[in-house]
Amino acid sequence: YKAMLKSKENGGNLYTFYRSSFQIITSENLALQTSLGYALEREELEVYYQPKVSLRTGKIVGAEALLRWNHSQLGIISPARFIPIAEETNLIVPIGEWVLKTACQQTKGWHNAGFSDLRIAVNISARQFNQPDLYSRVYQLLIETGLDPKYLELELTESVLMQNTEVSIVRLTAFKALGVQIAIDDFGTGYSSLSYLQQFPFETLKIDKSFIGKVNSDPKTKLITKNIIQMAHDLKLNLVAEGVETQAELNFLYYNDCDEMQGYLFDKPLNVRDFEERLLAGKSL
Ligand code: C2E
Ligand code: CA
Ligand code: CA
Ligand code: CA
């Protein structure tokens, strides 16, 4: 901070200060960028599935598809690290499409195996959502995989929808007409209110895990979360709590009538084999 103040006085230093740290970050990112470009063809990417559980029945009702990258030298790299790089470089478009296809194919397979009500949620990033042909690509994938559109849910954050509200409304309306579900992800972390979000057609609200983690320690968060659930129900929305880690959090959600939960308390994101094991065992809360 001192260094910044000082350099503000004599101009040039500030630039130097930033440039050097910026370069370190980019050279590291550049290496990741290059290898991310090959990750698809090298089959280093894998889709994991985190169960979503109904609080009424205790049963698995669906899953969220979450991407994993098994880097040949660096091991597993977190999506929090590589998704932003994929966004910057537009690699998110082919990668995101691959996730959609893999997840739809996989879910169709589970339907055929008798788990015929399973829903699949796929994260859609800003770049992907802004592709003019996203709708036709999704439509095409549904036809190719034979998955009934009503079992596919796209997770979008408020900030993505807020970039251009008119375009967002048009896109979401098209998906609604197709029967594809829309969920607002990370709800509560953006700056918008639920009443403002109501201009968009969507079915599901996912309360961000930062709220869930504090419902039992912070009275204000508890009150806000109760109100979000109440308001969502008044608006006939389906409510999902993410990041549920403790029994106390689960109890809170249960008594406040939340619809579904997702979190380490039940399961972390799983590879296909482990997810199928849970399905076959009929694992429930
Ligand atoms: P997200 O969409 O908010 O996904 C939820 C994140 O919370 C996941 O992190 C999940 O593993 C984690 N999580 C689930 N339950 C718990 C819990 O009980 N406690 C805690 N602390 N965390 C929990 P993950 O898998 O590392 O993904 C991070 C983010 O990367 C995702 O956040 C999403 O924004 C992005 N991402 C992941 N896969 C994809 C993808 O296929 N496409 C796009 N566009 N983004 C993706
Ligand atoms: Ca998500
Ligand atoms: Ca989320
Ligand atoms: Ca998130």
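Just so it is clear, the model here is predicted, and its values are computed rather than measured. In each ligand, atom 1 is the first atom listed, and ligand 1 is the first ligand listed.
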Inset, instruction - For the residue pair Phe275 and Tyr49, categorise the inter-ring angle as parallel (less than 30°), tilted (30 to 60°) or perpendicular (more than 60°). - result: tilted
Legend entry - Electrostatic pair Arg127-Glu87, nearest N-O below 4.0 angstrom: no
Inset, instruction - Using a 4.0 Å heavy-atom cut-off, say whether Val47 meets ligand 1 through its side chain, its backbone, both or neither. - result: neither
Legend entry - Leu67 N/O under 3.5 Å from ligand 1 N/O: yes
Inset, instruction - Kindly report the OE2-the Ca ion (ligand 2)-OD2 angle for Glu64 and Asp185 respectively, rounded to 10°. - result: 180°
Inset, instruction - Tell me which part of Arg68 gets within contact of ligand 1: side chain, backbone, both or neither, using heavy atoms under 4.0 Å. - result: side chain
Inset, instruction - List every atom of ligand 1 that sits less than 4.0 Å from any heavy atom of Gln50, numbering the atoms from 1 in the order shown and giving each element. - result: 14 (C), 15 (N)
Inset, instruction - Please confirm whether Gly243 comes under 4.0 Å of ligand 1, counting heavy atoms of the residue only. - result: yes
Legend entry - Sub-4.0 Å heavy-atom approach of Lys268 to ligand 1: no
Legend entry - Proximity of Val99 to ligand 1 by residue part, where a heavy atom lies under 4.0 Å: side chain
Legend entry - Ion pair check, Glu153 and Lys52, cut-off under 4.0 Å: yes
Legend entry - Which N, O or S atom of Glu155 lies nearest to the Ca ion (ligand 2), by name: OE1
Legend entry - cation_pi(Arg119, Tyr151) dist<6.0 Å, angle<=45: no
Inset, instruction - In plain terms, say whether Glu64 and Lys206 are close enough for a salt bridge, that is, a side-chain N and a carboxylate O under 4.0 Å apart. - result: yes
Legend entry - Atom NZ of Lys226 with >12 non-hydrogen neighbours under 6.0 angstrom: no
Legend entry - Atoms of ligand 1 close to Ser125 [distance to a heavy atom under 4.0 angstrom, numbered from 1]: 44 (N)
Legend entry - Note, Leu67 side chain near Phe82 side chain (heavy atom, < 4.5 Å): yes
Legend entry - contact_flag Glu87 ligand 1 heavy-atom lt 4.0 Å: no
Legend entry - Atom nearest to the Ca ion (ligand 3) - Asp186, N, O or S atoms considered: OD1
